[in-house]
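Take a look at the structure below.
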There are 2 protein chains.
Amino acid sequence: MDYNDLYQFMLDNIQKIVMPEELIKIELSVSRFELAALMLAERHDNITMSALAQGMSVPMSTATGVVDRLVRKKLLKRDRSEEDRRIVTVALTEEGSELLEKVKKHLRLFFDRVKSLLTEEEFETGINLIRKIALGLRQDQTVSGDRPVLSRRAIKIE
Amino acid sequence: MDYNDLYQFMLDNIQKIVMPEELIKIELSVSRFELAALMLAERHDNITMSALAQGMSVPMSTATGVVDRLVRKKLLKRDRSEEDRRIVTVALTEEGSELLEKVKKHLRLFFDRVKSLLTEEEFETGINLIRKIALGLRQDQTVSGDRPVLSRRAIKIE
DNA sequence: GCGCATATTTCGCTATACGAACTATTAGAC
DNA sequence: GTCTAATAGTTCGTATAGCGAAATATGCGC
């Protein structure tokens with residue numbers, strides 16, 4: 001497997017490269033940011049808008065929009081903190097939790113599908129490789145300076 | 001590694017899940033569809049709009065939009081077939097090819113980065129596992145009926 | 001030539017993402 | 001206390017995206 005093979009491989013799998021988001025949407029009718037927000041809300045009880053925005057690496061105005069939609073869909077609820085009335089916190093609704101359960105179920109299915117394609121040993125090896133790579137990449141990234149919360153808008157051509 | 005670990009892992013990597021598209025954009029100021037179109041154009045000389053749309057699994061109206069933007073950015077050029085004047089073909093410009101070279105370069109760098117994190121042997125094993133999984137998943141998919149060019153719009157809630 | 005099929009574009013609509021300006025609340029200076 | 005600056009979020013305007021339906025243009029069969 002050399003560079004050209006890799007490139008070829010990417011080409012052959014364009015659909016999947018182009019699709020990751022679609023998978024989510026088709027199954028669950030939430031966008032990737034919405035899913036991320038739900039997951040963050042699950043992880044951190046009563047997460048603040050700022051934390052949410054940071055967690056997703058988007059500006060607050062975007063986070064507001066994402067949460068707006070999720071509230072409209074009744075997957076999240078907003079609340080204002082009593083101690084500091086500037087702060088808005090966000091939490092999963094019953095429906096939101098249910099949706100996340102569905103996500104997990106899908107994930108489990110996928111996980112199982114992959115598992116079924118490999119031997120026990122291959123699977124373990126695979127997981128370890130991924131872990132190793134993920135860890136390595138993360139470190140590389142951290143080393144290369146206190147990345148300035150990367151600006152997400154690409155520079156337009158001309 | 002069980003389901004919960006996996007979910008946890010996803011959570012820890014939300015940024016990357018949310019970001020795949022951003023990586024492309026930041027580096028190259030093209031969207032994922034645009035990149036896919038360029039790659040398809042590279043692959044098939046003078047590809048038709050229909051083929052392009054099919055290759056990306058999007059309706060023609062979307063493909064038109066994508067190509068419009070790429071033409072505006074001077075990365076693609078449109079031409080009308082002489083034999084059948086209904087057909088519009090699309091080809092890379094010089095600039096388009098250059099951009100793809102950049103993509104490949106990025107890919108190579110990433111490839112090398114991953115390589116550097118693993119031993120030669122680990123790397124080979126990894127590639128083989130991926131191949132095996134990709135193949136397996138593809139087969140699963142094909143088995144499950146002549147999938148009807150999946151509709152890409154999610155059903156709205158309520 | 002007529003009518004139907006094919007290839008593509010145009011149009012209108014709905015989402016999304018985001019910067020800048022604005023609002024509300026808190027904390028600090030005096 | 002009250003004035004000011006900082007903080008947390010939202011609103012507003014704008015640009016881009018994806019797409020279905022209708023429109024346009026061309027080719028084909030007879």
Side-chain angles (χ1 to χ4, degrees), chain A residues 15 18-22 24-26 29-37 46-73 76-90 149-158, chain B residues 18-19 21-22 24-26 29-37 46-73 76-90 149-158:
Chain A
Q15 307 239 354
V18 158
M19 278 286 229
E21 172 176 4
E22 308 308 324
I24 304 169
K25 276 212 242 170
I26 284 169
S29 57
V30 287
S31 73
R32 73 215 144 99
F33 279 147
E34 288 172 17
L35 180 58
N46 295 317
I47 191 172
T48 65
M49 289 302 292
S50 318
L52 205 58
Q54 266 215 307
M56 303 195 287
S57 317
V58 297
M60 290 278 296
S61 57
T62 299
T64 299
V66 172
V67 170
D68 279 351
R69 278 174 267 148
L70 289 171
V71 168
R72 207 177 332 125
K73 293 181 190 169
L76 280 186
K77 50 177 181 274
R78 255 193 258 249
D79 266 308
R80 209 162 261 282
S81 153
E82 283 309 324
E83 307 90 64
D84 183 339
R85 308 212 21 84
R86 286 169 304 180
I87 293 175
V88 171
T89 64
V90 149
V149 186
L150 26 118
S151 65
R152 316 186 79 260
R153 261 294 169 220
I155 294 85
K156 218 180 291 175
I157 283 186
E158 156 228 302
Chain B
V18 157
M19 278 285 228
E21 172 176 5
E22 307 308 325
I24 305 169
K25 276 212 245 173
I26 286 170
S29 54
V30 288
S31 74
R32 70 216 147 98
F33 280 147
E34 288 172 16
L35 180 58
N46 295 318
I47 190 171
T48 66
M49 289 302 292
S50 318
L52 206 58
Q54 265 214 308
M56 302 194 288
S57 317
V58 298
M60 290 277 296
S61 57
T62 300
T64 299
V66 172
V67 171
D68 278 352
R69 277 175 267 144
L70 288 171
V71 168
R72 207 179 329 126
K73 292 182 192 171
L76 280 187
K77 51 177 181 273
R78 255 192 257 248
D79 266 306
R80 209 161 262 283
S81 152
E82 283 308 324
E83 306 88 67
D84 184 340
R85 310 215 16 88
R86 285 169 303 178
I87 294 176
V88 170
T89 63
V90 149
V149 186
L150 25 119
S151 66
R152 316 186 80 260
R153 262 290 170 222
I155 293 86
K156 219 180 287 175
I157 282 186
E158 159 227 300

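We name chains A, B, ... by the order of the sequence lines, and we start the count at 1 in each one.
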Quickly work out the B:Asp79 CG to D:dT26 P distance and round it to whole Å.
15 Å

Can you tell me how far C1' of D:dG20 sits from CE of B:Met60, to the nearest Å?
14 Å

Between A:Thr62 and C:dC18, is there a contact of a side-chain N or O with OP1 or OP2 at under 4.0 Å?
yes

Would you indicate which nucleotide in D:dC19, D:dA8, C:dA7 comes nearest to any side-chain atom of B:Ile87?
C:dA7

For a quick test of reading the model, state the closest non-hydrogen atom pair linking B:Arg80 to B:Arg85 and the distance between them.
NH1-O, 2.7 Å

Measuring to OP1 and OP2 of D:dC28, would you say a side-chain N or O of B:Arg85 lies under 4.0 angstrom away?
no

Rounded to the nearest Å, what distance is computed from the CZ atom of residue B:Arg72 to the C1' atom of nucleotide D:dA15?
11 Å

Starting at the 5' end of DNA chain C and moving along, which residue's nearest nucleotide shows up first, A:Arg86 or B:Val88?
B:Val88

Correct closest heavy-atom pair for A:Met60 and A:Ser50 would be SD-CA, 3.7 Å

Would you classify B:Arg78 as touching base, sugar-phosphate or nothing, given that sugar-phosphate means primed atoms plus P, OP1 and OP2, and contacts are heavy atoms under 4.0 Å?
sugar-phosphate

Expressed as a whole number of angstroms, how long is the span from A:Gln54:CD to D:dA8:P?
10 Å

Spacing of CG belonging to A:Asn46 relative to CD1 belonging to A:Ile87, to within rounding of 0.5 Å:
11.5 Å

Can you figure out which of D:dG20, D:dA17, C:dT16 approaches the side chain of B:Pro59 most closely?
D:dG20

Answer with base, sugar-phosphate or nothing: what part of the nucleic acid does B:Met49 contact at a heavy-atom distance below 4.0 Å?
sugar-phosphate

Taking for each residue the nucleotide of DNA chain C with the nearest heavy atom, is it B:Gly65 or A:Asp84 whose nucleotide lies nearer the 5' end?
B:Gly65

For C:dA17 and A:Arg32 - does any side-chain N or O of the residue sit under 4.0 Å from the phosphate oxygens OP1/OP2?
yes

How close or far is atom P of C:dT14 from atom CZ of A:Arg69, stated in whole angstroms?
16 Å

Using whole Å, report how far NZ of B:Lys73 lies from P of D:dA17.
7 Å

Could you give the CZ-to-P distance, from B:Phe33 to C:dA15, as a whole number of Å?
18 Å

d(CD1, A:Ile47; P, D:dG9) in whole Å
10 Å

Nearest heavy-atom neighbours spanning A:Lys73 and A:Glu34
NZ-OE1, 2.7 Å

Of all heavy-atom pairs linking A:Ala37 and A:Leu70, the shortest is CB-CD1, 3.8 Å

Side chain of A:Ser61: nearest nucleotide among D:dT11, C:dA17, D:dG27?
D:dT11

